[in-house]
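What follows is one structure encoded as structure tokens, with my remarks underneath.
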Amino acid sequence: MIKSLLIVSISAVLALSAISADDPAVPQAAYSIIDHNMIIELDLDKNTISAVDKLTLKRLLKKQPGFDLLLRRGLKVEKITCGEVPLEFQTTETVEASLFEAKIDSEDTAYYDRAQMIHIALTDDIVKEKELTIEITYRGVVRDSLGDADFSHEYVSNQITGIIDRRGIYLGWEAIFYPTLPDQIFTFSLKVTTPVVFQCLTEGALEESQVVEDKRTELWVCRHPMDAIHLVGGQYEVGKTLHENIEILTYFYPEQADLSQRYLDACKRYVDLYTELIAPYPFEKFAVVDNFFATGYGMPSFTLLGSQVLRLPFIVDISLGHEVAHNWWGNSVYVDYETGNWCEGLTVYCADYLYKERESLEAAKAYRLDLLRDYTAYTNERNDFALTEFRERHNPAQRAVGYGKCAMFFHMLRNYVTDDDFWRSLQRFYDDNVWNYASWEDVRKAFEKESAMKLGWFFDQWVKQTGAPYLTLNDPQKSRTPGGWELQLTIGQLQEGEPYVLDVPIVVQGTSQEAHLQVGINEKDQTVTLNTIFEPVSFSVDPDFNLFRRLDRSEIPPTLSEVFGTSNLLIVLPTATSEELQGAYRGLAGQLTSYGMENARVLRDDEITTDDLNSPALLFFGRPDENLAVRKEWINSERWKVTGDSFWIEGDDKTAADAALLAVERHPDNSEITVGYFCGNSLTGILEAGRKLKHYGKYSYLVFHAGRNVAKGKWEVSDSKMTYKF
Ligand SMILES: [Zn+2]
């Protein structure tokens with residue numbers, strides 16, 4: 001269950017508490033849950049769940065007079081029994097997170113704020129049992145507001161935990177809709193009754209389905225140990241096919257039902273790909289489920305995708321494959337979150353990245369550049385962190401490290417141990433850890449066994465350490481040797497702290513040939529010598545971006561992510577335009593700076609000072625002739641031009657009604673300053689394009705027509721400091 005935050009094995013918590021004085025010990029639970037047997041009825045008009053959960057518990061501590069469980073606050077516990085014996089219980093409305101978590105973050109707090117605690121008293125007879133079954137009857141309303149949930153490439157916020165509604169059903173583990181505790185791995189069966197027009201889905205396999213009058217009852221059984229239960233439902237049309245004994249399904253709303261075959265075919269391809277690369281598919285089914293609000297979740301044996309994205313080509317070409325890959329990484333080998341989430345980066349590497357690599361070497365290189373660029377743009381000494389600290393993403397910096405650095409780690413590991421050993425090690429990692437929690441240590445062990453190499457230093461450097469090397473190239477010289485040419489250069493490491501141990505790729509170009517070489521460095525300033533049989537004309541250090549490193553700005557085309565990644569962004573509003581457009585720009589500035597950009601400032605063009613123009617990132621709204629603060633000499637008019645109603649990008653006329661254009665450049669006199677320009681020729685053009693800008697962080701320029709993107713791209717880089725020409 002890859003959205004998990006809270007799932008930590010008890011042994012890991014105790015082990016950590018024992019070695020670290022900072023983490024207070026978390027009391028051990030008296031019982032663990034090994035099975036849920038649930039009967040649930042959902043009333044979509046009253047938004048209620050009525051449930052009986054028969055839990056099988058295993059005793060962990062002897063002679064405990066009782067124990068606690070968590071359940072969503074607001075659900076009323078009506079009765080608890082053990083066999084025929086009623087058990088006494090109390091509920092408390094507030095739950096102390098520190099009873100369960102060694103390290104508490106804001107997500108943990110939100111989770112425990114949703115919970116109530118049930119204290120269950122046990123009779124003397126029951127206390128003696130090593131294993132016991134209790135039955136909890138409860139009911140109540142589950143209805144989060146759909147509000148302004150945001151789920152996108154860069155931002156994830158205000159997630160919905162549970163909703164029972166005519167529009168659809170979503171009960172995530174975070175909704176705490178069944179009695180639970182953190183850190184549990186259990187099997188379950190779930191019998192759910194809904195109106196007949198609804199179909200439900202959960203982890204596991206559908207074993208019975210029955211319609212009586214206007215109600216449908218389905219029995220789902222999950223015999224694989226799970227760490228969470230999700231229950232979703234809607235008025236779906238179900239498409240299905242059998243592939244290698246795996247049932248592949250689509251649960252789509254009628255509006256999307258025409259996409260079913262495309263998704264079924266794609267699922268088959270992805271299942272085959274990972275079966276070959278890693279291990280046989282671990283579940284009986286895989287389903288693509290349409291959701292009535294924006295999500296991109298991968299649960300064991302299904303994925304939940306928002307209706308609005310199902311038609312986008314990249315969903316079926318990339319995102320779906322990513323979610324299928326999660327059935328191996330995260331959903332059958334679980335993540336020991338307390339020691340760092342390895343699974344997103346590995347899934348990105350085995351899916352998003354691998355598809356690029358299979359497309360072309362150029363596409364793979366561009367993808368790596370994107371990862372390094374995001375890291376360089378979004379992280380700094382205040383928000384950077386080690387991979388061992390990653391749990392899940394909420395902002396671009398967390399994504400740049402938890403997904404990006406982690407994917408690059410696996411890329412470097414693959415280059416280090418060889419391709420064959422890499423895939424064999426992943427297979428071993430899977431086999432050794434399936435249906436269990438796995439940590440970075442388990443990754444290391446699998447790779448050490450298969451490669452027969454000591455990798456402790458490699459994992460320490462990249463996984464436990466925060467940051468990245470920042471390389472420079474100095475004092476290049478070439479000279480003749482008896483057999484050819486010698487090239488000498490000094491590679492510097494500018495980052496704070498210890499030097500990295502690196503194998504640095506260097507490509508040397510002659511007039512008609514090139515050599516791909518590699519040099520090992522382990523010092524902050526190291527002079528290295530390379531030999532070629534031809535005369536070097538130029539050379540480049542890591543030109544294909546095979547190392548995880550902080551890029552020099554000269555290697556990066558200026559992009560929108562630089563503008564939004566700068567905490568001191570200054571947005572400059574135009575005054576030489578209509579009241580209506582001024583209002584639109586003002587509203588947009590408010591929207592763009594409302595989340596995660598507390599230090600951004602918004603000023604009118606007639607109130608800014610010369611000092612303000614030295615802000616590390618500037619974003620001018622309005623056409624150059626509408627914004628009095630725009631310096632025309634800063635604009636590279638070869639690249640883009642807006643005059644009156646006409647819009648030009650790279651020599652192409654993009655003029656249209658409701659057009660909007662965005663261009664990002666570097667300050668011509670100070671490359672540390674990024675300057676963005678955004679303008680449109682109508683209220684609609686500005687607002688429709690403006691609200692999408694944050695999703696286009698990786699581009700240097702964008703053109704929209706009535707909010708529809710019609711051009712996007714990056715400017716060419718021509719003067720990288722990592723390339724030297726003799
Ligand atoms: Zn993922």
Side-chain angles (χ1 to χ4, degrees), residues 1-7 107 149-157 159 172-174 203 226-228 230 232 263 266-267 270-271 273-274 277-278 281-283 286-289 291 294-306 309-310 312 314-337 340-357 367 370-371 374-375 387 389-411 426 429-430 433 437-438 440 443 695:
M1 193 275 314
I2 55 101
K3 289 173 56 232
S4 164
L5 281 171
L6 302 150
I7 315 302
E107 287 296 308
D150 190 1
F151 187 91
S152 69
H153 177 77
E154 274 141 353
Y155 293 91
V156 178
S157 65
Q159 289 183 58
W173 66 275
E174 311 96 316
E203 288 88 353
M226 289 287 119
D227 63 355
H230 300 82
V232 299
Y263 273 83
C267 288
Y270 291 127
V271 164
L273 171 65
Y274 297 112
L277 279 179
I278 305 161
Y281 181 73
F283 301 102
F286 182 76
V288 185
V289 185
N291 196 18
T295 47
Y297 297 159
M299 287 76 157
S301 79
F302 69 102
T303 180
L304 188 65
L305 300 171
V309 300
L310 281 171
L312 302 176
F314 73 86
I315 295 292
V316 79
D317 293 341
I318 297 169
S319 311
L320 179 65
H322 178 109
E323 300 307 341
V324 173
H326 268 310
N327 285 288
W328 285 265
W329 307 134
N331 288 337
S332 59
V333 175
Y334 307 123
V335 179
D336 176 1
Y337 283 86
N341 178 354
W342 46 266
C343 116
E344 283 305 339
L346 181 56
T347 304
V348 165
Y349 196 68
C350 293
D352 314 47
Y353 175 75
L354 190 68
Y355 310 152
K356 293 291 174 191
E357 193 180 277
Y367 194 91
D370 278 347
L371 296 181
D374 278 355
Y375 175 77
L387 290 179
E389 299 297 317
F390 178 58
R391 297 175 106 195
E392 69 169 17
R393 72 178 170 106
H394 298 282
N395 61 46
Q398 286 165 341
R399 183 181 173 89
V401 177
Y403 287 56
K405 180 180 184 178
C406 188
M408 282 302 293
F409 166 79
F410 283 105
H411 181 69
L426 285 182
F429 172 59
Y430 186 81
N433 296 285
Y437 289 109
W440 276 112
V443 180
H695 305 314

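Counting starts at 1 for both ligands and their atoms, in listed order. For clarity, every value in this text was computed on a predicted model and none was experimentally measured.
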- Any side-chain heavy-atom pair from Val289 and Thr303 closer than 4.5 angstrom? no

- pair Cys350-Trp328: side-chain heavy atoms closer than 4.5 Å: no

- Heteroatom of His326 nearest to the Zn ion (ligand 1) (N, O or S, atom name): NE2

- Message: Need the atom name: nearest N/O/S atom of Glu344 to the Zn ion (ligand 1).
- Response: OE1

- Task: Could you point out which residue of Phe286, Tyr355, Tyr281 forms a side chain to side chain contact (heavy atoms under 4.5 Å, CB included) with Tyr270?
- Result: Tyr355

- Item | Distance in Å, Trp342 CH2 paired with Phe409 CZ, rounded so as to fall on 0.5 Å steps | 12.5 Å

- Query: Has Cys343 got an N, O or S atom lying less than 2.8 Å from the Zn ion (ligand 1)?
  - Reply: no

